[in-house]
Amino acid sequence: MNENLEALRKELKYDKTDPCVQCGYCLPACPTYATMGKETHSPRGRINLVKMVGEGKITDLSVLEEPMDLCLGCRACETVCPTGVEYGSILEAARAAITRRKKYSIPVRALRNTLFKKVFPSRKAMNLIGNAMWMYEKSGVQKLARKSGLMKKLPSHLGEFEAVTPPTVSPLERSSLPRFTPAKGTKKYTIAFFVGCVMDAMFRKINQLSVKLLSEAGCDVIVIENQTCCGALHAHAGKLDETKMLARRNIAAFEKIEVDFIVNNAGGCGAMLVEYDHLLCDEPQWVERAKRFTDKSKDISQVLVLCGGLPFASHAPQRVTYQRSCHMTNVQRVTKEPVQLIRSIPNVEFIEMKEAEMCCGSAGIYNIVNFDASMEILDRKMEHVNDTRAATIITTNPGCLLQMKLGIERENKSGTLRALHLVEFLAEAAEIV
Ligand code: SF4
Ligand code: SF4
């Protein structure tokens with residue numbers, strides 16, 4: 001084998017494709033195979049393409065581009081694979097290899113560099129974005145832009161997403177997430193809260209409610225300043241070096257304090273955090289530190305259950321369903337706790353939707369860059385939501401939350417159906433504001 005091919009195999013993590021025996025058990029679990037019906041858009045087909053590149057049968061890596069772009073990265077295929085193929089690693093390596101070779105135009109390259117290097121990793125920059133969004137809402141510009149039809153003219157259907165973006169908190173409220181919130185009653189755990197980048201800028205209210213719920217359940221909650229973005233958006237965009245850099249920064253920041261758990265409230269971020277040890281497995285000086293970090297990383301629902309739940313008030317009966325976050329289900333493998341918490345609320349009837357484990361089509365920014373493919377998956381999801389006749393769709397990830405809100409708009413159901421993050425739903429039931 002020539003040196004170039006050997007280097008390419010290493011770059012593509014070709015060895016990870018070895019356990020794939022081409023059985024096809026993963027096909028029915030794959031949303032893109034279900035909606036597109038093409039072998040190249042199935043897990044088996046994508047793995048085969050990587051194999052063929054690694055074996056020198058395909059020499060042009062751009063052949064990988066569309067199948068890998070259209071993969072949601074939901075990793076449902078991993079959960080059904082009988083030979084334990086690590087599809088997530090194969091996908092990540094393929095995307096990074098494609099990105100390294102891709103010739104972006106100068107403006108696109110500049111935009112990507114600014115977003116991935118300067119904006120997402122900086123809490124200051126994300127706070128500025130959050131404050132700018134608040135100004136946009138409160139100044140009347142939002143109303144004007146919506147009324148004038150300008151939003152409909154935005155590229156990549158951004159106007160449709162803008163319409164379902166939740167209101168942001170004021171700059172004054174934004175600056176008030178306390179560094180330390182004591183446990184109410186007897187202290188059970190000390191936790192460090194992971195704020196995230198998008199969660200903190202756009203969904204600050206959910207972060208504030210998360211801290212209050214954890215305190216109510218018996219946790220001392222610490223919010224450390226120098227934490228940064230988890231790196232999930234970078235990994236999805238094929239920027240592996242930056243992902244590793246962010247992982248190292250977070251590990252170094254959180255190991256400075258002694259806590260029982262590092263808690264997050266976003267399925268996608270949580271999935272990244274629990275894989276820092278895999279991500280840094282080739283770096284001997286970091287792997288043990290990464291392992292300690294991942295061992296402590298938990299979704300908020302896991303910690304609330306460990307604390308014994310929450311004191312809920314009694315409200316009028318309501319029927320709800322739960323849109324599972326793929327990354328929480330397939331990577332973190334957290335499935336029972338959110339349902340357990342929902343079921344523990346008086347007068348709440350929980351109805352599981354059909355294909356509950358199937359991705360909603362959000363997948364990071366997949367719904368923006370692959371709008372049509374994403375909407376096909378969303379429409380299928382909404383059919384199952386409608387069958388439950390629920391009045392509330394509960395989610396555990398910001399992307400799923402926006403996608404569900406978009407689904408409600410597409411169905412013209414905003415008067416009878418709402419989408420809430422689990423934290424919002426629990427806070428409402430516990431009368432925490
Ligand atoms: S990834 Fe797993 S389930 Fe899919 S074809 Fe390969 S071995 Fe079979
Ligand atoms: S990650 Fe999801 S979309 Fe991609 S191949 Fe696996 S099941 Fe299909």
Side-chain angles (χ1 to χ4, degrees), residues 12-55 63-99 232-233 235-238 240 267-268 270-272 274-275 278 323-333 335 354-381 397 399-400 403:
L12 285 172
K13 297 201 173 160
Y14 170 83
D15 291 352
K16 299 259 181 206
T17 66
D18 278 349
C20 179
V21 293
Q22 304 289 302
C23 63
Y25 285 167
C26 52
L27 268 55
C30 175
T32 58
Y33 183 69
T35 51
M36 296 168 196
K38 281 163 82 174
E39 177 68 18
T40 48
H41 294 61
S42 75
R44 182 177 64 185
R46 291 175 174 121
I47 291 167
N48 252 336
L49 287 172
V50 172
K51 268 183 189 288
M52 288 166 87
V53 173
E55 286 158 13
V63 172
L64 290 180
E65 206 170 315
E66 192 197 82
M68 293 305 178
D69 270 358
L70 286 175
C71 172
L72 293 150
C74 68
R75 295 173 59 179
C77 43
E78 283 186 16
T79 62
V80 292
C81 176
T83 62
V85 173
E86 293 173 43
Y87 177 81
S89 300
I90 299 169
L91 173 69
E92 216 164 63
R95 282 184 170 163
I98 294 164
T99 305
L233 291 171
H236 296 168
L240 263 191
M272 192 73 235
V274 300
E275 292 209 316
H278 290 293
Q323 166 50 34
R324 292 170 187 274
S325 145
C326 305
H327 286 107
M328 208 161 121
T329 304
N330 304 329
V331 183
Q332 296 187 68
R333 307 282 166 122
T335 54
K354 201 175 147 201
E355 293 183 354
E357 66 297 336
M358 194 75 105
C359 179
C360 63
S362 162
I365 54 166
Y366 185 96
N367 49 2
I368 297 173
V369 291
N370 297 304
F371 185 80
D372 293 337
S374 165
M375 291 307 111
E376 210 178 316
I377 295 166
L378 174 60
D379 291 344
R380 181 176 170 130
K381 177 64 68 183
N397 188 55
C400 310
Q403 184 83 337

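Ligands are counted one by one from 1 in listed order, and the atoms in each one are counted from 1 as well.
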What residue and atom, counting heavy atoms only, is the protein's closest point to [atom], and at what distance?
| atom | result |
| --- | --- |
| atom 1 (S) of ligand 2 | R75 N, 3.1 Å |
| atom 2 (Fe) of ligand 2 | C74 SG, 2.3 Å |
| atom 5 (S) of ligand 1 | G24 N, 3.2 Å |
| atom 4 (Fe) of ligand 2 | C71 SG, 2.3 Å |
| atom 3 (S) of ligand 2 | L72 N, 3.4 Å |

Report summary line: CG (L49) and CE (M52) are apart, to the nearest 0.5 Å, by 7.0 Å

**Report entry** Reported OG-to-CD1 distance for the pair S374 and I368, which is rounded to 0.5 angstrom
**Finding:** 9.5 Å

Query raised in the report: Among G73, S42, C30, which residue places a heavy atom closest to atom 8 (Fe) of ligand 2?
Result: C30

Report summary line: Shell check on atom 2 (Fe) of ligand 1: protein N, O or S atoms less than 2.8 Å away are C81 SG

Requested in this report: Provide the number and element of each atom of ligand 2 under 4.0 Å from a heavy atom of R46.
Outcome: 4 (Fe), 5 (S), 8 (Fe)

Query - Matching residue for T32 among R46, K38, H41, E376 - test: side-chain hydrogen bond (donor to acceptor under 3.5 Å, both in side chains) - result: R46

Minimum heavy-atom separation for [X] and [Y], please, with both atom names.
| X | Y | answer |
| --- | --- | --- |
| A271 | H327 | CB-CB, 3.5 Å |
| S325 | G267 | OG-CA, 3.6 Å |
| I377 | P31 | CD1-CB, 4.4 Å |
| V50 | A94 | CG2-CB, 4.3 Å |

Query - Under-4.0 Å heavy-atom contact with ligand 2, by part of E78 that carries it - result: neither

**Report entry** side-chain contact (heavy atoms from CB on, under 4.5 Å) evaluation trace for R324 with T335
**Finding:** CA-CA 8 Å; R324 292 170 187 274; T335 54; 3.7 Å; yes

Query raised in the report: Looking at residues at least two apart in the chain, or sitting in another chain, which of them share a salt bridge (Lys or Arg N to Asp or Glu O under 4.0 Å) with E357?
Result: none

Query raised in the report: Is the closest basic N to carboxylate O distance between R380 and E355 below 4.0 Å?
Result: yes

